[in-house]
Every structure is written in C-alpha cells, then in structure tokens.
Amino acid sequence: MSLDVRESVPLAPLTTLGVGGPARYFAEAADEAAVVEAFRFAEARGVPLLVLGGGSNLLIADRGVDALVLRVRVRGIELLRGRGEDGGGEDSGGEIGGGGEAGRALVRAGAGEAWDDLVARSVAEGWAGVECLSGIPGDVGATPIQNVGAYGQEVAETIVEVRAIDRATGAAAVLSGADCGFGYRDSRFKRAWRGRYVITAVTFALRPGGAATVRYPELQRALAAPAGGAAPPLGEVRSAVIALRRAKSMVLDPADENGRSAGSFFMNPTLAPGAAAAVIARIEAAGVLAPGEAIPQYPAEGGRVKLSAAWLIERAGFAKGTRHGAAGISTRHTLALVNRGGATAEELLGLARRVRRGVLDRFGVALSAEPDLVGFAPGEIDDLVSGAHL
C-alpha cells in the first residue's frame, strides 16, 4: 500500500489554534491515486474520512477524531494555455510567465499549495484578482469550500474550475465555478456537496496587468486611495493588506500573543431588510451609540444587509482581551478567539457561547461560528453553527 497510515496522531500541532485531540488514523496524499486509496482504507475500517488543509479554520474536539484524517499534499502551480472563456478544451501546462486567452491568466494550483504562496506569486507576475486575499493562512484546496474573502475580494470572483475526487465513485470530477454555488463564506461544498468531494486542484482566472481591487474602506484609508481613483500597484496593495492583518494578529506569527487562533470565529450576520431594520432600532434603543456614531452596515447578496459581528460583540460588552480560562478574545481583534496557552476546545466553545448569548440577548442577532467544528457529538455544537443568517 502506497498510503502511509499512522495511528493516534496528535492534531493540535497541525492547526493554527493548537487545540484538539488525536486522529485515530492519519495519512498524507501527494496525488489523486493516494486520495482514492484513502477512501478505500476508511471504508474498509468503517470510519469517516476527514480532510485536513492548513488547519487554519478548524476547531477539533478535545477527544480527538474517530476518523481517517487525510492531509492532501497535491502540489504544483501551472499556467494553462489555449483555454477558452468557458474553461473547456485542451490545455498545455507550463510554468507561470505568460498570459491566458481573452486577457486572462488561467492558473491551476494543487490543493496542497499554501494559499499565500499562490497570492504572492500572482502579485509578482502582475496578475490581479487575489491581491486583497494576501496573508490568509491555509491551503489552496480549502478556499473554494469557505469562499475565502477579505478586504473586498472573494475567491468566487476568480475560480473557474475545481478538480476533485468523488468519494462515492473514486472518479475525478471537474466542477465549474458557476456550479459551486458560492455565497458569503459559503459554497455547495459546505451544503449539498458536503462530504462528497475531496478537492485536489483549483483553477483561477486572473487578469494580467489588471488593476487592483481597492473597494474596501479600511484598505482605501490605508492606501490613501480615494474611491474611484486610480488603483495602486498590486504589490503595494498586498503589503497594505498584510500590514492590516498583522495589526489585527491575523498573520501567522509564533511570537504574537494572539497568534494561536482560527481567524475570525464568527461570521458577519446578514439579515433580510426588515430584520435588519428591527435590529438597528434595537441597537439605537440600547444606548450604545456614541454621539454621531453610525452603525456599520453593508449591502449583501440578495438585497440583504450585512452587519459587523465585531462591532456587535464589542457593543454587547465583550472587550478585546476578555478571558475564559486559557481561552480569550484577541487583544487586537474582537472576532478572533485565541488560545492563550493550554486552552481546551471546551474552553473555546464556552467563550464562544458567552459571546453569542451576549449579542443575542442585547441585540437579537444570533451569530454563527465560522471555523469547522469537528469531532463533536451530535447536538453538542448546534447552537454555534446555525442562526447567523436571519
């Protein structure tokens, strides 16, 4: 058997939170054949298969995971030439350094590639489309699942194809970006396709010589770039984004006291207009607004209204640095729950529940956890994984 399977492998060191128990079985897959072999191994032993990416959006239960945990290590970044706008037809792989048809550079990256390495390489080539997603930890294969987004960009804007292995058949499937059902921090991989596919590669359509996307107000301020003005160079945008993330402890740094986190723990709630109006009225009646202060709100997909989870958490009385045992809220970013050293998953969930209950009681908004919560028994985490999108 080419698949090297180990037992009782600690998972905490493989996550950015540094929390969680061991995997019953653990293996790494460098190619699609090894992925298929992992399916057969798990099926033969009657255990689920859990795919582990960079471990940056994950909270594992203290008891560990009774499963085969598979680390997909499929590598490679290549330019696809001779592709039409629909992404079909023949292609010939090559090193990055040329342009794609119709003003696009179609870049295919293995699921095991580090996401920020791909962003850095794209920026260096002058290919626009992912520059605002700089500094995000994790692997390429995880980005379509979560529809990773930050500072005014989402990967959904550039994903052309996702290559994956169907767990039921072991056959390779090529899924178009349009078929992935992308939404705010959402995709079919989290819903109808949950557990069906293991992603092995993603193809992105980037824009050679294209302008950077600078539409997020905080980024505009950091770049001193007026709305509607000329976009700064891609490299300058990347540097600004990383600086903003670093200031919020959102860049992996072992020396950072807030570094052991899963990024934003709660999603920004999106509400129907009527519900949003009711929440805004409740906030105004709560007396938490400073004179002249506006409630942060943004247009969202489908005519909905997106509110700031961080703002709601702070106004509900949870300050940066709040502690709950060895878990805490980041001293720099209210949305990040952190491991202060030796924290357990139960402590982190306890803090998350305190925060969620506080926001719900004060403003009537039910926040929902953004990281994947794995290894928990049915019913243990239902209150944290539903209710945000009212």
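Remember, predicted model here, so these are calculated numbers, not experimental data.
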Does some side-chain heavy atom of [Y] sit less than 4.5 Å from a side-chain heavy atom of [X]?
X	Y	answer
Leu11	Pro22	no
Pro48	Leu68	no
Thr203	Ile159	no
Lys306	Tyr184	yes
Leu337	Ile329	yes
Leu351	Phe265	no
Leu384	Ser368	no
Arg207	Thr213	yes

Less than 6.0 Å separating the ring centroids of Trp311 and Tyr298?
no
Going by salt bridge (charged side-chain N to carboxylate O under 4.0 Å, His left out), name the pairs with one or both residues in [range], residues two or more places apart or in two chains.
range	value
residues 127-147	Arg71-Asp139
residues 173-182	none
residues 278-302	Glu293-Arg315
residues 245-255	Glu218-Lys248

[X]: what forms a salt bridge (Lys or Arg N to Asp or Glu O under 4.0 Å) with it, not counting sequence neighbours?
X	result
Arg24	Asp66
Arg63	Glu380
Arg163	Glu32

Counting distance only, does the side-chain N/O of [X] pair as donor-acceptor with the main-chain N or O of [Y] below 3.5 Å?
X	Y	result
Asn268	Ser308	no
Asn147	Ala156	yes
Arg340	Ala327	no
Arg194	Arg188	no

Please find the pair of heavy atoms, one from [X] and one from [Y], that lie closest to each other, and give the distance.
X	Y	value
Val119	Val130	CG1-O, 3.5 Å
Thr344	Val19	C-CG1, 3.7 Å
Ala27	Val5	CB-CG2, 4.1 Å
Ser264	Pro371	O-CD, 4.0 Å
Ala105	Pro208	N-CD, 3.6 Å
Val237	Ala212	CG2-CB, 3.6 Å

For the atom pair [atom1] ([X]) and [atom2] ([Y]), what is the distance rounded to the nearest 0.5 Å?
X	Y	atom1	atom2	answer
Leu50	Ile60	CG	CD1	7.0 Å
Leu349	His324	CG	NE2	9.0 Å
Asp4	Glu28	CG	CD	8.5 Å
Leu133	Glu157	CG	CD	8.0 Å
Arg260	Leu252	CZ	CG	12.5 Å
Thr15	Leu59	OG1	CG	8.0 Å

Arg238 with Asp116: basic N within carboxylate O range, under 4.0 Å
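Yes, this pair counts.
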Under 4.0 Å between a Lys/Arg side-chain N and an Asp/Glu carboxylate O for Arg357 and Asp361?
yes
Does the pair Asp383 and Arg353 meet the rule for a salt bridge (Lys or Arg N to Asp or Glu O under 4.0 Å), with working shown?
CA-CA 8 Å; Asp383 57 330; Arg353 290 190 171 101; 2.8 Å; yes
Return each pair, listed once, that meets ring pair (Phe, Tyr, Trp, His ring centres under 6.0 Å) where at least one residue sits in residues 129-165; pairs must be two or more places apart or across chains.
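Ring pair (Phe, Tyr, Trp, His ring centres under 6.0 Å) check on residues 129-165 returns Tyr151-Tyr216.
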Trace of the side-chain contact (heavy atoms from CB on, under 4.5 Å) decision for Val214 with Gln220
CA-CA 6 Å; Val214 185; Gln220 290 173 351; 3.7 Å; yes
Is Leu3 reachable from Val69 through a run of hydrophobic residues whose side-chain heavy atoms are each under 4.5 Å from the next?
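In one cluster with Val69: Leu3, no.
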Identified side chain to side chain donor-acceptor pair (under 3.5 Å) partner of Gln146 from the options Glu154, Arg185, Lys190:
Lys190
Test ring pair (Phe, Tyr, Trp, His ring centres under 6.0 Å) applied to Tyr25 - qualifying residues, sequence neighbours left out
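With neighbours one apart ignored, the set is Phe41.
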With Trp193 via ring pair (Phe, Tyr, Trp, His ring centres under 6.0 Å) - residues at least two apart
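Trp193 satisfies ring pair (Phe, Tyr, Trp, His ring centres under 6.0 Å) with Phe189, Tyr197 once adjacent residues are dropped.
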Working note: Ile313 + Leu367, criterion side-chain contact (heavy atoms from CB on, under 4.5 Å); need CA distance, chi angles, decisive distance, verdict.
CA-CA 10 Å; Ile313 291 167; Leu367 300 179; 3.9 Å; yes
Ignoring hydrogens and geometry beyond distance, is a side-chain donor-acceptor pair present between Glu314 and Thr334 at under 3.5 Å?
yes
With no hydrogens and no angle check, just 3.5 Å: does a side-chain donor-acceptor pair link Thr331 and Asn258?
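Yes, a side-chain donor-acceptor pair sits under 3.5 Å.
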Could you go through the side-chain contact (heavy atoms from CB on, under 4.5 Å) check for Val36 and Ile165 one step at a time?
CA-CA 8 Å; Val36 174; Ile165 304 297; 3.9 Å; yes
With Ser239 via side-chain contact (heavy atoms from CB on, under 4.5 Å) - residues at least two apart:
none
Ile242: which other cluster members, linking ILVMFWY side chains closer than 4.5 Å, directly or transitively?
Val251
Decide yes or no on side-chain contact (heavy atoms from CB on, under 4.5 Å) for Phe204 and Val202, but give the supporting numbers first.
CA-CA 7 Å; Phe204 302 89; Val202 185; 3.4 Å; yes
Of Arg73, Arg108, Arg75, which is the lone residue that meets salt bridge (charged side-chain N to carboxylate O under 4.0 Å, His left out) with Glu113?
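Testing Glu113 for a salt bridge (charged side-chain N to carboxylate O under 4.0 Å, His left out) against Arg73, Arg108, Arg75 leaves exactly one candidate, Arg75.
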